[in-house]
Every structure is written in C-alpha cells, then in structure tokens.
Visitor: 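Submitted below is the structure of interest, expressed as structure tokens.
What you see is a predicted model; the values in this text were computed from it and never measured. Here is the naming used below: chain letters follow the sequence lines, and residue numbers restart at 1 for every chain. Hydrogens, waters and symmetry mates are skipped; everything else that's a heavy atom, side chains included, is used.
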Amino acid sequence: MGEPTGAIYGVINMMRKINQDYQADYVACIFDAKGKTFRDDLYPDYKGHRPPMPDDLALQIEPIHKAISAMGWPVIAKPGVEADDIIATLAEIATQNDVNTIISTGDKDIAQLVNGHVSIVNTMTNETLDVEGVKSKFGVLPEQIIDYLMLIGDSVDNVPGVPKVGPKTAVKWLNEYGSLDNLVENADKIKGVVGNNLRENIPNFALTRQLITIKRDCEIDDFFSDMSDLARKPQDPETLREIFDHFGFRTWLRELTGDAQAVPQQDARVAHDIPETPETVDYVTVDTPELLEDCLKQIQAASLVALDTETTSLDPMMASLVGTSMSIHPGQGWYIPLAHKGNMLAQQLDKTMVLEKLRPWLEDDSAAKVLQNAKYDTHVFANEGIKLKGIQDDTMLMAYVLESHRSVGMQDLAQRYLGRKGVDYTDLCGKGARQIGFDEVDIEKASFYACEDTDFTLQLAGLMHPLVVAEEGLDRIYRLEMWVSEVLAKIERNGVKINEKALQQQSHEIGQKLVELENKAYELAGQPFNLNSPKQLAEILFERMQLPVIRKTPKGAPSTDEEVLTKLAQDYPLPATLLEYRGLAKLKSTYTDKLPKMINPRTGRVHTNYAQAAVITGRLASSDPNLQNIPVRTEEGRKVRTAFVPEKGGVIMSADYSQIELRVMAHVSDDASLQLAFAQGKDIHRATASEVFGVPLEEVSAEQRRAAKAINFGLIYGMGAFGLASNLGITRDAAQSYIDRYFERYPGVATYMNLTRAKANEQGYVETVFGRRLWLPEIKGAKGPRKAAAERAAINAPMQGTAADLIKMAMVAVQEWIEKEGLKTMIIMQVHDELVLEVPQDEVDLVKSRLPELMCGVAELKVPLVAEVGMGPNWEQAH
DNA sequence: TTACCTGGCTCG
DNA sequence: GTACGAGCCAGGTAAT
C-alpha cells in the first residue's frame with residue numbers, strides 16, 4: 001500500500017489552496033516513479049544506483065489518484081516518467097485541453113524559479129532550458145503551458161518547525177499507527193514531509209511527494225508568498241481535520257485500505273473510548289493573592305490533583321522551578337508563574353511566599369497527586385527544598401506498563417488516549433541551539449501549555465488507571481514501578497563520588513599512548529589520516545593498501561569494525577595498531593574525559609538519570625552519564641572503575657545476581673536438568689558442557705566450557721547455528737550439532753522456546769513471570785527477517801524482563817530496609833543485575849550479610865536465586 | 001553553523 | 001540476513 005503521509009500532506013494543502021483561491025480546471029497527477037523506466041541513456045552517472053520499480057506501483061499511485069478524482073477533476077496518472085516526460089505531458093495537457101490552471105505532481109528536480117521567470121532545470125543532467133530551449137525541445141513555449149511553478153512539497157520541506165521525515169521516522173509512523181487508516185485518523189499529528197532518500201530505503205515510499213502547481217493570471221510573487229504561508233501553517237489540526245472531512249478523505253482511505261482493515265491489529269492494544277474534545281477550557285493564571293487562595297482551597301479539597309512543574313533545565317538536578325500547574329477537573333487548570341524573567345517578574349507572585357503556602361499540601365502524603373514522570377518533579381521540588389509526597393499515580397508509568405514499546409511522552413499519550421494534540425514544548429521554546437529557557441516564555445503562553453499538561457495528565461489517569469488495574473499482572477507491575485520511581489529518585493540524588501584526579505591522570509596517560517599509536521599508524525599506512533574516521537580508514541586499508549574487504553556495512557561501505565580488524569590483524573600490522581587506538585580513544589572520550597565534566601558542582605558527585613520507561617523489556621536505561629556501560633572487560637578499562645569511590649570512612653559494596661537470566665530460563669522452561677544443575681549449585685556452563693559434549697563434569701575442558709557458555713548466552717538471545725558458528729569460529733554444521741545436542745539434553749528449553757514463539761505469534765505479546773506484558777508489534781504482519789527478529793525478541797523478552805522485575809523488587813526491598821533500619825548506607829547505582837551501594841564503615845557487616853538475603857528473597861523461583869557480594873575502596877575492587 | 005545519520009564501541 | 005536490550009562519541013553530510 002502506498003505511503004500517504006507526505007503525499008497526502010501536499011495534496012491537502014494543494015486542495016485547500018485550489019479550493020479557496022485558485023479555481024483549477026485540470027489536475028495532472030504525474031508520478032516520478034523511477035525504476036525500470038529510468039533512462040540510463042540520459043543519466044549514465046546514475047546507472048545501477050536505482051532501486052527496481054516496486055511491483056505494486058499502481059497501488060501506490062492510487063491514493064493520490066483517487067484523492068484528486070474525488071474532487072471531481074480529471075486526472076492523468078502516469079507512472080514512470082522523468083523530468084522531460086513531465087514537461088512533455090504538461091505541454092500535452094495544455095494544448096489538448098482548454099485550460100487555465102494545471103496542477104501537477106512532479107519532482108522538484110525539474111523546475112526552478114529564476115528571476116520571476118520560469119525555466120526548466122533538470123538537476124540530474126544540469127541541463128537548463130530557457131524559454132527558447134523549451135520551445136525547441138517540446139515545440140511549445142513554456143508560457144503556453146505554465147505561468148508559474150510552485151513546489152508545495154518543497155516549501156513544506158524547508159519550513160522551520162516542519163521536520164523533514166527520514167526513513168526511520170516513516171517506518172516508525174507505520175509501526176506506530178499500524179495501518180494506513182490509523183495514520184489517517186491521526187493525520188493532524190503528521191508533521192513533516194517524506195524526503196527523497198526514502199525512495200531508496202523503502203520501496204513503498206517511492207511515491208513522489210512534490211506537487212507543482214501551475215497557474216495563470218496571477219502575480220507570481222503573490223502566489224509564491226501565499227503558497228509559502230500556506231506551507232508554513234499546515235500543522236493547524238483543526239483546519240486539517242476540516243479539510244479531511246470536507247474532502248471525505250477518511251471515507252476514501254477506508255475504502256482504499258479495506259484489505260488492511262481485515263487484518264487484525266498488529267499490536268492489539270487496550271480498548272478505550274476517546275472522549276469528546278471539550279469546547280472550551282478553563283485555564284487560569286494565578287497571579288494575585290486571591291487567586292492563589294482560591295487555588296489552594298480547591299486543591300486541598302480535591303480528591304485527586306494533577307500536578308506539573310515547569311523549569312529551566314531538562315537535567316533534573318540542575319533544574320530550577322519556573323512555575324507549577326494543577327488540575328482538578330477535565331478542561332480546567334491553574335498555572336502559578338514563579339520565575340519568569342525580565343519584565344514578567346512584576347506579573348508574578350513571590351516565589352518563596354507561594355512555595356511556603358504550597359508546601360504543606362505538596363508534602364502531605366495524604367493529598368493525592370498524579371503526575372507525568374513524577375521522578376522529575378520530585379527532583380525539581382527537592383531542588384527547592386520541598387519533599388514531594390502523596391504521589392498516587394504516574395501517567396508515564398501507566399502507559400509504560402500498558403504498552404512499553406510505545407512512546408510514553410505526554411504529547412503522544414494525549415493523541416492516543418484523548419485524541420488531542422497539545423501544545424508541544426518545542427512550539428514554545430524552539431529546539432536545539434536556538435531553544436530558549438521556559439523562564440523566557442510569555443506567561444500567557446506558558447500558562448496555557450502548563451495547564452494543558454495537567455489537564456491531560458488528569459484525564460489520562462482517568463482513562464488509563466482502569467486499564468491497568470483490570471489486569472492483576474499489570475496492576476502488580478504498575479505498583480512495583482511506582483515504588484521503583486521513588487527509589488530511583490533517591491539513587492539519582494545520592495549520586496556517586498568520582499575521583500576526578502585519577503581520571504584526569506588516566507586521560508593524560510591515554511592521550512600520550514594515543515599519540516604514539518597515531519604516529520605508528522601513519523608510518524604503517526605511509527601517510528597521515530584521521531584514525532577516528534571509518535571512512536578514511538577504509539580508504540587507507542582497502543584502496544591504498546589493497547587489503548581484502550571482509551564485510552560491508554549496511555550502507556555498503558567496507559566495514560572496519562573490531563571483528564574485521566581482528567581478522568586482518570592476523571596478516572597485517574596496521575589493523576592491530578588501530579584496534580588498540582580505537583579502544584583507548586573510546587576510553588578517553590567517553591569515560592576518562594567525560595565523567596569529570598559530569599560532576600555536579602553543588603554536590604561534588606555524578607548524578608546519572610535512570611530512564612524508567614525507555615526499555616521495552618522493563619529494564620532501566622542510564623544516561624547523562626550512562627553508568628551502566630562503564631568498562632569492565634579489559635585491564636585498562638577497569639581502571640575507570642577504580643575512580644568510583646566512597647566518601648571517606650566508607651566502602652563501595654556491590655551485589656550482583658548470579659546467572660540471573662539463565663536461572664529465569666530454568667524457571668520458565670521448567671526443564672528438569674537445568675533446574676537440577678542450579679539446585680545443586682553447579683557451575684552452569686561446566687554443567688552444560690558436560691551434557692552437550694557427553695563428558696563427566698570434572699573432565700570438561702576449558703574450550704568445552706567456553707563453547708557451552710556461548711551456547712547458554714546465545715540461547716537467551718534466540719541465536720541460531722549461524723550466530724553460534726561465527727561466535728565460536730566453528731563451522732555451521734558443528735554449531736548446529738551443538739545446538740541439537742543441547743536441546744536433546746534440555747528438552748524443556750526447546751519446548752519452552754517453541755511455546756513462547758507460538759504464544760507471541762498468537763497473542764502479539766509475551767509476559768514475564770510477574771505479569772509484565774511485552775508487546776511485539778512486528779510478530780504479526782511482518783515477514784522474513786523482520787519477523788524472525790521479532791521472534792528472537794520474543795524468546796529473549798521474558799528472561800530479560802523477569803530479571804528486570806527481580807532487580808526492581810530488590811531495589812525496593814533494599815531501600816525499604818535501609819530506611820527502616822535508619823542506615824546511612826546508600827544505593828548509588830543499578831547495572832541491570834547488580835546493585836552498587838556506598839556503605840559507612842560501621843554499617844558494613846550488617847549490610848554485607850543482609851543485602852544478599854534481601855535480593856534473593858524477593859521471589860521464590862523454581863531455582864534458587866544467588867547474589868554475590870563484594871566490597872572495596874572502589875567499584876573495581878568491590879568485585 | 002546546526003542537526004541528523006552512520007559506524008563503531010561500551011555494558012548486562 | 002543471521003544474537004537480545006541499551007547510550008554515547010567522532011566524523012560526515014545536508015540544510016541553513
């Protein structure tokens with residue numbers, strides 16, 4: 001099915017404009033389909049670089065064709081044309097029909113406005129045809145067919161705030177909306193235009209999106225500026241909705257997608273009624289003492305209040321409160337501006353005064369509040385010396401528990417659950433380098449935005465909460481996530497002490513080594529080049545030095561990654577040098593240089609951010625800085641860990657679950673042999689080797705154990721013989737026989753994998769032991785490699801997800817215990833299966849004995865959980 | 001100059 | 001095409 005986004009966008013605009021201002025007589029619908037008809041004789045440089053024409057080209061054309069037909073206009077749809085053909089076709093239409101206006105689609109390559117006069121440019125051949133040129137080539141003067149050229153699509157392309165959409169976003173859209181129909185239902189959300197490169201990446205997007213209108217009897221400047229204006233305002237949702245309805249787009253597309261509709265939803269999602277959009281809203285800016293009193297009185301009396309903060313920074317530890325908003329009814333909201341800059345200061349109540357008035361309510365555990373990502377606001381209030389309490393619900397976490405694979409951003413939730421499109425943060429503050437702080441935003445605009453946020457939050461909570469509690473498993477996971485959110489806020493705030501000097505010293509040493517390696521590389525290469533550039537490196541290795549190309553990247557460039565360099569290093573000296581350089585450069589730029597810069601000047605510690613709703617399996621993700629990927633596998637890398645230190649008089653303690661995912665596999669697969677091995681406390685890889693290779697436990701060789709370990713890990717990831725073979729450097733047949741033997745010895749595992757695959761295919765999701773639901777949108781519908789990938793994810797998800805559930809429960813248990821005992825011990829990091837704590841000396845014995853008990857006692861699986869504890873003067877030595 | 005993408009590398 | 005899940009960095013390039 002043709003991808004309508006960009007094209008529809010252009011068509012809508014075109015139709016609106018035509019309908020309103022320009023009475024078109026004729027619409028030419030001409031598609032630049034490339035592919036088979038591409039004229040190699042004309043464009044030799046492009047030979048071989050063109051994708052084949054998609055088989056369903058006609059289908060792709062149909063949407064636009066029908067759209068235009070629906071207007072009652074005649075249409076010429078003609079695929080497989082190039083610049084010259086388009087011009088010729090236009091000429092044909094113009095001469096054969098007595099027309100005033102022609103609307104055409106085409107490619108921007110073919111036309112260009114030059115000095116208010118039309119010329120025709122073919123950017124592929126660089127051939128420019130002026131008036132005479134057109135005449136001689138086509139036998140008709142351009143004035144006869146055109147007065148003005150306008151590229152609607154192109155204008156939209158270049159409008160600030162309307163992003164150009166690349167293949168990733170386009171695919172994301174398709175996945176997100178599931179079907180063309182859905183996409184259209186959400187048309188007012190579509191912002192952007194499909195870019196040229198889509199054609200090469202996704203055949204379905206081959207539909208060209210530019211629309212050229214050709215207009216007679218109109219001042220060219222006016223027309224151009226009108227069109228530009230139009231293109232700049234396409235995101236107005238109401239207007240778009242109107243246009244859609246007016247032209248019957250929904251009906252039209254439903255007809256078109258009749259087949260698609262018959263296919264069941266790919267990611268069946270929770271059903272709910274989208275509420276009516278309210279006619280008006282009651283949003284109040286609280287800027288007088290009277291209004292403040294009124295607001296206070298009402299929030300104190302309310303049973304549930306949606307709360308939100310506006311701040312100066314996305315970094316929660318650095319953010320300063322600019323304003324706060326509350327809602328107690330749908331369509332209603334208060335915004336209390338507190339720190340908007342400049343001449344807006346006079347329009348605000350005193351920040352300190354307001355916060356003191358709010359404090360009792362904010363800190364009241366019995367005053368129920370609902371927030372979107374409460375962890376952030378907890379930090380913001382903490383920065384102002386306020387302990388936010390009474391967090392009853394978190395809409396972000398509800399959304400995450402319901403559908404962890406989809407966006408949990410406020411805007412997306414509002415769209416999905418409320419059918420509303422709110423003001424986007426970037427609409428207010430811009431983005432990137434030109435982004436302004438929220439304290440620079442007009443109070444009036446800020447107020448609407450902030451009130452809308454809490455308004456949405458309250459409504460979302462009302463809609464999502466019943467969906468969550470309706471399912472026992474989801475409810476349990478949601479309550480866990482609420483606890484985890486609170487614990488994470490504490491861990492983030494605790495931060496971790498970094499030995500800045502040690503890292504600087506390491507940076508210095510690495511820097512010197514890098515210079516040496518660089519010079520050595522230049523010598524071996526016979527010329528200087530940028531060692532950090534894969535592109536330049538590929539030129540040196542594969543062109544200049546003529547080394548064999550081992551593998552290519554997805555884009556077709558010769559790969560220079562570790563695997564390739566390692567192989568080349570067997571025969572040549574340069575790759576080995578590069579490998580060493582790469583490792584050290586990564587170490588320096590990402591860790592030894594970066595971490596000291598991340599130290600918070602106020603606390604003197606590094607505060608990571610744990611994203612609780614980012615990973616589809618339920619894991620956490622750490623960022624800014626990411627403390628979950630600090631090096632450990634190499635000697636030099638581990639040095640970085642020695643810089644993670646306790647305050648004076650304390651130690652670093654680390655506790656990690658042993659073989660957590662394999663234990664989960666033993667549990668869920670119910671495989672007797674695997675469970676027995678764990679029950680007997682065996683070295684699991686050795687036990688596996690013994691089974692697979694048929695040797696007694698004590699006779700397992702190091703090589704056999706290594707292979708067994710690879711098998712064990714591979715199985716967790718849903719690996720096949722190909723993967724295992726390349727991992728172990730053995731033949732595919734040998735790898736297959738290992739796998740076969742494994743499944744013979746552990747038949748429960750084989751059964752479990754087949755069942756999981758079947759279950760995922762049938763219901764579209766899999767579950768963890770504790771009821772976390774993990775959707776696999778691509779398991780239905782998709783085919784070939786994509787479906788296979790979804791099936792592998794389905795195998796892995798219950799194991800990774802259950803492990804995530806377990807450590808989350810452990811975090812809550814440990815933090816509760818610490819608080820109950822009134823200890824000074826702090827959890828400072830979580831690394832998926834490991835908890836890192838900073839423990840004062842006098843609490844060491846207590847924590848060391850209790851920590852593993854707590855971690856292993858969070859759940860009773862069919863195999864024992866084991867946690868290994870270590871401690872030391874730094875993280876490295878705590879293992 | 002900025003914003004996005006690619007290739008590569010770090011972790012569990 | 002080929003093993004799951006993440007985040008971050010430097011270089012390269014397209015758009016401004």
Side-chain angles (χ1 to χ4, degrees), chain A residues 157-158 160 163-169 195-197 201 404-405 431-435 530-538 551-565 578-579 582-591 593-594 598 608-611 614-634 637 640-641 656-657 659-661 710-711 713-727 732 735 774 784-801 803-804 807 829-834:
Chain A
D157 254 10
N158 296 318
K164 189 163 181 171
V165 173
K168 282 189 178 170
T169 314
N196 271 331
N197 54 349
N201 290 287
S404 68
H405 63 294
K431 59 174 181 174
R434 282 181 297 281
Q435 189 170 61
N530 186 345
L531 277 73
N532 290 317
S533 163
K535 194 180 171 213
Q536 291 185 33
L537 176 57
R551 185 160 43 80
K552 291 196 171 178
T553 68
K555 285 268 166 194
S559 172
T560 67
D561 68 11
E562 185 185 352
E563 201 188 320
V564 167
L565 291 185
L578 287 162
L579 280 168
R582 281 247 180 97
L584 290 175
K586 175 79 179 170
L587 212 55
K588 185 168 186 290
S589 65
T590 311
Y591 304 106
D593 281 353
K594 193 67 197 297
M598 300 299 289
T608 184
N609 178 45
Y610 288 104
V615 184
I616 52 177
T617 57
R619 273 189 180 184
L620 301 176
S622 158
S623 66
D624 309 296
N626 182 352
L627 297 185
Q628 291 179 324
N629 69 350
I630 303 299
V632 71
R633 288 169 192 169
T634 65
V640 175
R641 293 190 170 218
D656 65 298
Y657 280 122
Q659 307 294 357
I660 184 80
E661 291 189 9
I711 296 170
F713 274 101
L715 286 167
I716 290 173
Y717 300 147
M719 180 176 67
F722 181 93
L724 183 63
S726 73
N727 187 301
R732 199 170 159 165
L774 310 165
R786 291 171 76 93
K787 183 171 169 70
E791 290 193 341
R792 290 193 298 270
I795 300 286
N796 174 260
M799 290 179 263
Q800 192 182 115
I807 189 116
M829 283 185 281
Q830 188 259 37
V831 194
H832 307 310
D833 63 358
E834 173 186 13

Visitor: When all nucleic acid strands are considered with a 4.0 Å heavy-atom cut-off, which category describes A:Asn629: base, sugar-phosphate, or nothing?
Guide: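 It contacts base atoms.
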
Visitor: With heavy-atom distances below 4.5 Å as the criterion, would you say the side chains of A:Leu537 and A:Arg582 are in contact?
Guide: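 Counting from C-beta outward, A:Leu537 and A:Arg582 do come under 4.5 Å.
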
Visitor: Counting the atoms with a prime plus P, OP1 and OP2 as sugar-phosphate, which does A:Ile616 contact under 4.0 Å by heavy atoms, base, sugar-phosphate, or nothing?
Guide: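 Since only primed, P, OP1 and OP2 atoms lie under 4.0 Å of A:Ile616, the category is sugar-phosphate.
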
Visitor: Side chain of A:Val615: nearest nucleotide among B:dG12, C:dA10, C:dA6?
Guide: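 Taking heavy atoms from C-beta onward, the closest nucleotide is C:dA6.
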
Visitor: Quick one: list whatever passes side chain to side chain donor-acceptor pair (under 3.5 Å) with A:Glu834, sequence neighbours left out.
Guide: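 A:Glu834: side chain to side chain donor-acceptor pair (under 3.5 Å) contacts with A:Ser654, A:Trp875, A:His879.
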
Visitor: State which residues pass side chain to side chain contact (heavy atoms under 4.5 Å, CB included) with A:Lys552; sequence neighbours excluded, sorted by chain then number.
Guide: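 Residues passing side chain to side chain contact (heavy atoms under 4.5 Å, CB included) with A:Lys552: A:Val549.
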
Visitor: Would you please name every residue forming a side chain to side chain donor-acceptor pair (under 3.5 Å) with A:Asp593, sequence neighbours left out?
Guide: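 A:Asp593 satisfies side chain to side chain donor-acceptor pair (under 3.5 Å) with A:Ser507, A:Lys588 only.
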
Visitor: Of all the choices, C:dC4, C:dA10, C:dG7, which nucleotide is nearest to the side chain of A:Asn532 once you look at every atom?
Guide: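 Nearest listed nucleotide: C:dA10.
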
Visitor: Looking only at side-chain N and O atoms, does A:Lys535 come under 4.0 Å of OP1 or OP2 in C:dG12?
Guide: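 No, because none of the side-chain N or O atoms of A:Lys535 sits under 4.0 Å from OP1 or OP2 of C:dG12.
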
Visitor: Does any pair with a residue in residues 614-624 of chain A pass salt bridge (charged side-chain N to carboxylate O under 4.0 Å, His left out), and if so which ones, sequence neighbours excluded?
Guide: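 Residue pairs passing salt bridge (charged side-chain N to carboxylate O under 4.0 Å, His left out), neighbours aside: A:Arg619-A:Glu661.
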
Visitor: Would you say CD of A:Gln435 has more than 12 non-hydrogen atoms from neighbouring residues, nucleotides or ligands within 6.0 angstrom?
Guide: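 Counting neighbours around CD of A:Gln435, more than 12 heavy atoms of other residues, nucleotides or ligands fall under 6.0 Å, so yes.
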
Visitor: Check side chain to side chain contact (heavy atoms under 4.5 Å, CB included) between A:Ala788 and all other residues, then give those that pass, not counting sequence neighbours.
Guide: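 By the side chain to side chain contact (heavy atoms under 4.5 Å, CB included) rule, A:Ala788 matches A:Arg792.
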
Visitor: Bend across the helix from B:dT1-C:dA15 to B:dG12-C:dC4, to 10°, with axes taken over 5 pairs at each end?
Guide: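 Axis angle across the helix from B:dT1-C:dA15 to B:dG12-C:dC4, nearest 10°: 0°.
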
Visitor: Base, sugar-phosphate, or nothing: which does A:Thr560 touch, judged by heavy atoms less than 4.0 Å apart?
Guide: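 Touches sugar-phosphate only.
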
Visitor: Would you please name every residue forming a side chain to side chain donor-acceptor pair (under 3.5 Å) with A:Asn609, sequence neighbours left out?
Guide: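 Residues passing side chain to side chain donor-acceptor pair (under 3.5 Å) with A:Asn609: A:Lys375.
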
Visitor: Counting heavy atoms from C-beta on, name the nucleotide in B:dG12, B:dG7, C:dT2 closest to the side chain of A:Tyr717.
Guide: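 Closest nucleotide to the A:Tyr717 side chain: B:dG12.
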
Visitor: So does A:Arg633 reach the base of B:dG12 with its side chain, donor to acceptor, closer than 3.5 Å?
Guide: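 Pair found.
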
Visitor: State which residues pass side chain to side chain contact (heavy atoms under 4.5 Å, CB included) with A:Met719; sequence neighbours excluded, sorted by chain then number.
Guide: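 Once residues adjacent in sequence are excluded, the partners of A:Met719 under the side chain to side chain contact (heavy atoms under 4.5 Å, CB included) criterion are A:Leu724.
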
Visitor: Can you tell which of B:dT10, B:dG12, B:dG7 lies closest to the side chain of A:Pro534?
Guide: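 Output: B:dG7.
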
Visitor: Name the nucleic acid region contacted by A:Arg582, choosing base, sugar-phosphate or nothing; use a 4.0 angstrom heavy-atom cut-off, strictly under.
Guide: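 If one applies the 4.0 Å heavy-atom cut-off, A:Arg582 turns out to touch the sugar-phosphate alone, with no base involved.
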
Visitor: Need one value for A:Pro631: base, sugar-phosphate or nothing, where a base atom within 4.0 Å counts as base even if backbone is also close, heavy atoms only.
Guide: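 It contacts sugar-phosphate atoms only.
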
Visitor: Send over the distance from A:Asn626 CG to C:dG5 P, rounded to a whole Å.
Guide: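 Checked: the CG to P distance equals 17 Å.
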
Visitor: Applying side chain to side chain contact (heavy atoms under 4.5 Å, CB included), can you list everything that pairs with A:Pro534, at least two apart in sequence or on another chain?
Guide: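 If we apply the side chain to side chain contact (heavy atoms under 4.5 Å, CB included) test to A:Pro534, skipping adjacent residues, the hits are A:Thr560.
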
Visitor: Residues from residues 787-795 of chain A sitting under 4.0 Å of DNA chain C, heavy atoms only?
Guide: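 Of all residues in residues 787-795 of chain A, the ones placing a heavy atom under 4.0 Å from DNA chain C are A:Arg792, A:Ala793.
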
Visitor: Could you list, one pair per line, each protein nitrogen or oxygen that sits under 3.5 Å from a nitrogen or oxygen of nucleotides 2-4 of chain B, together with the distance?
Guide:
from, atom 1, to, atom 2, distance (Å)
B:dA3, OP1, A:Ala433, N, 3.2

Visitor: So A:Glu562, base contact, sugar-phosphate only, or nothing? Heavy-atom distance under 4.0 Å.
Guide: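 Sugar-phosphate contact only.
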
Visitor: I'd like to check A:Ile807 versus A:His832 (side-chain heavy atoms, cut-off strictly below 4.5 Å). Are they in contact?
Guide: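 With C-beta onward as the side chain, the pair stays apart.
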
Visitor: Just to verify, what does A:Lys535 make a side chain to side chain donor-acceptor pair (under 3.5 Å) with, not counting sequence neighbours?
Guide: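 Result, side chain to side chain donor-acceptor pair (under 3.5 Å) vs A:Lys535: none returned.
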
Visitor: Closest approach to the side chain of A:Ser623, judged atom by atom: which nucleotide of B:dG7, C:dA6, C:dC8 is it?
Guide: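 Of the options given, the side chain of A:Ser623 lies nearest C:dC8.
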
Visitor: Does A:Asn530 reach a base, just sugar-phosphate, or nothing at all? Heavy atoms under 4.0 Å.
Guide: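 Touches sugar-phosphate only.
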
Visitor: Heavy atoms only, 4.0 Å cut-off, all strands: where does A:Gln536 land among base, sugar-phosphate and nothing?
Guide: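 Answer is sugar-phosphate: A:Gln536 comes under 4.0 Å of backbone atoms only.
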
Visitor: Taking only N and O in the side chain of A:Lys594, is any of them less than 4.0 Å away from OP1 or OP2 of C:dC9?
Guide: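 So the side chain of A:Lys594 is within the cut-off, an N or O lying under 4.0 Å from OP1 or OP2 of C:dC9.
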
Visitor: Any idea which of B:dC11, C:dT2, B:dG8 is nearest the A:Phe722 side chain?
Guide: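 Within the option list, the nearest is C:dT2.
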
